[in-house]
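Worksheet for the structure shown next.
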Number of protein chains: 2
Amino acid sequence: MLQATLNGDSVTGVAGWTDPEEPVLASATALAAELADPIRLTALQLLAAEGPHTMSRLVAALEVSAPRLGNHLARLRAAGLVEVEHAGRHAIYRIARPGLADVLAALSRYAGDALPTARPGREVTADDIAHTCYDHAAGRLGVALLGHLVERGALTAPDGRDEELALGPDPAALAALGIDPAALDTGRRKPATACLDRIHRLPHLGGALGARVLDRLVEQGLLAREEGTRVLVVTAAGRRDLPRMVPTFSV
Amino acid sequence: MLQATLNGDSVTGVAGWTDPEEPVLASATALAAELADPIRLTALQLLAAEGPHTMSRLVAALEVSAPRLGNHLARLRAAGLVEVEHAGRHAIYRIARPGLADVLAALSRYAGDALPTARPGREVTADDIAHTCYDHAAGRLGVALLGHLVERGALTAPDGRDEELALGPDPAALAALGIDPAALDTGRRKPATACLDRIHRLPHLGGALGARVLDRLVEQGLLAREEGTRVLVVTAAGRRDLPRMVPTFSV
DNA sequence: GTCACCCTTCACGAGATCGTGAAGGGTGAC
DNA sequence: GTCACCCTTCACGATCTCGTGAAGGGTGAC
């Protein structure tokens, strides 16, 4: 029988701290093991940020063979991280539990912060800070923007269950950007979506709302589109005002 | 050359989503791989919650052989997750970057929530909800209590850099519990420490402050110590008032 | 019915990971 | 100096993981 001490109390017959049978520990290491593969992690990040995907859409996005992805998805299903719904001959995968988005976000944030800043060929570029993704802003700015709007209650956080983001209880943060969500002309587009940032591996704001926000920032002279590229240049005014408007964004 | 599309923009010659060379992706999967082992994860959780430990203290706590732990710590050092400081013949390990605590907390929270609730021999017990750890409260209540005090700005979050927790800018949440931190008689004890909860794998409040809080809750009739065991019984009054006092705590 | 297509599973070989046991370096006590 | 002690490293065998290729089941188009 084991004998150990825990903060002065003796705990007899209790399994050790590292007993792989400990339920929370086993569950945590199993989860970490699922995240420790580029394909599985990217698939989960895509599903968590952008909502359900069919198998074939994932195959195209990840550029891997179907059996290879299928094996990984089978693992993720067995681990209870994703769920499948079959529609005809298509298989629609989605995140099983919304809470996973928090884990993925924490992981990506740490991974981004922990990067040795000036790697060969990987120094911080203007592109890294802000660039367009279709017609909305991506990069550090796009990620910070979505985080800001979610934190202020203007939008609900992406949790991978749905394709679109719902408006939150308090539109003040959107109003502060000069946007009235009720007056948004969405056309046939989804009003607000999350879109996985390719560099930072965190969701940024897309959809009609994302496009409108970018237009406003350009109108206000805070950002400038660079002709022929996808780079968004932060103007002098933007360098002054953006960190005030979006507190988690710097430079 | 690769050809892919990203939200309508064609991106030519860009490495795929799952390219293991992508810096943030590589960093994230490497981190997850380090967390995917019971010994490494527990060591990191201990260091993040309770601050620096010597190698021998970790060996005793984890109940593993020295070479086995040494191999794991060498990995963690190579991955940049922990740092060593040599003091005489002792090696003092600590978390390298405070942000890791957030990742570990997110992982443990998801792992705890994702548990199939009624496992054989692992149903939710009174012990699970609240029990003593030395002279302070652990279990779900102890964890929620520390989280609440940190969120309200009464304490700083444990980040593994220090052995004790500093007081935060706003003591109101402590005052609401009937405690004046300035009047705390610490004796030779540390005023406030974090202590890793064995079941939930999240830090709870220890030290003189933790003991004082538990005393107050018992005085107020919200908790009752069970004679001869470490169980803390939530009284009828506690069931009514505790969720109001500590919003993240239920039942 | 026939076919193309989407998805899943299986088995095998290459590769990586992990724990043990043994050995070695450096420190402090005596 | 001698010794006990703390920590680290190394090498090897057992074990697990992963990707490929092939095969098979089910669906919808024609």
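Since the structure is predicted, the reported quantities are computational estimates derived from the model, not experimental observations. Below, chain A is the first sequence line, B the second, and so on; all start at residue 1.
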Just N and O in the side chain of [X]: are any of them under 4.0 Å from OP1 or OP2 of [N]?
| X | N | result |
| --- | --- | --- |
| A/R68 | D/dG19 | yes |
| A/H72 | D/dG19 | yes |
| B/Y93 | D/dC6 | no |

Give the nucleotide from the list [options] with an atom nearest to the side chain of [X].
| X | options | answer |
| --- | --- | --- |
| B/R75 | C/dC18, C/dT20, C/dC6 | C/dC18 |
| B/H90 | D/dC7, D/dG19, C/dT9 | D/dC7 |
| B/S56 | D/dA29, D/dC7, C/dC7 | D/dC7 |
| A/R89 | C/dG19, D/dC7, D/dT27 | D/dT27 |
| B/P67 | D/dC18, D/dG21, C/dT20 | C/dT20 |

Return whichever of B/A74 or A/A36 has its heavy-atom-nearest nucleotide of DNA chain D closer to the 5' end.
B/A74
For a quick check of understanding: with a heavy-atom distance under 4.0 Å over all strands, which category does B/R57 fall into, base, sugar-phosphate or nothing?
nothing
Is A/R40 touching bases, backbone alone, or none of the nucleic acid, heavy atoms closer than 4.0 Å?
sugar-phosphate
Polar side-chain atom of [X] near backbone of [Y] as donor-acceptor pair, under 3.5 Å:
| X | Y | answer |
| --- | --- | --- |
| A/E163 | A/T193 | no |
| A/H53 | A/G51 | yes |
| B/R161 | B/A96 | yes |

Sequence neighbours excluded, which residues qualify as side chain to side chain donor-acceptor pair (under 3.5 Å) partners of A/R89?
none
What distance separates A/Q45 CD from A/D197 CG, expressed to the nearest 0.5 Å?
10.5 Å
Which stems, defined as runs of 3 or more consecutive Watson-Crick or G-U wobble pairs with both pairing distances under 3.5 Å, involve DNA chain C?
C:1-30 with D:1-30
What is the separation between atom [atom1] on [X] and atom [atom2] on [N], rounded to the nearest whole Å?
| X | N | atom1 | atom2 | result |
| --- | --- | --- | --- | --- |
| B/N71 | C/dG21 | CG | P | 13 Å |
| A/M55 | D/dG25 | CE | C1' | 15 Å |
| A/L58 | C/dC7 | CG | C1' | 12 Å |

A/H204 and side chain to side chain donor-acceptor pair (under 3.5 Å): which single residue from A/R140, A/H136, A/R198 fits?
A/H136
Taking atom types as modelled, find out whether B/R40 and A/T29 have a side-chain donor-acceptor pair closer than 3.5 angstrom.
no
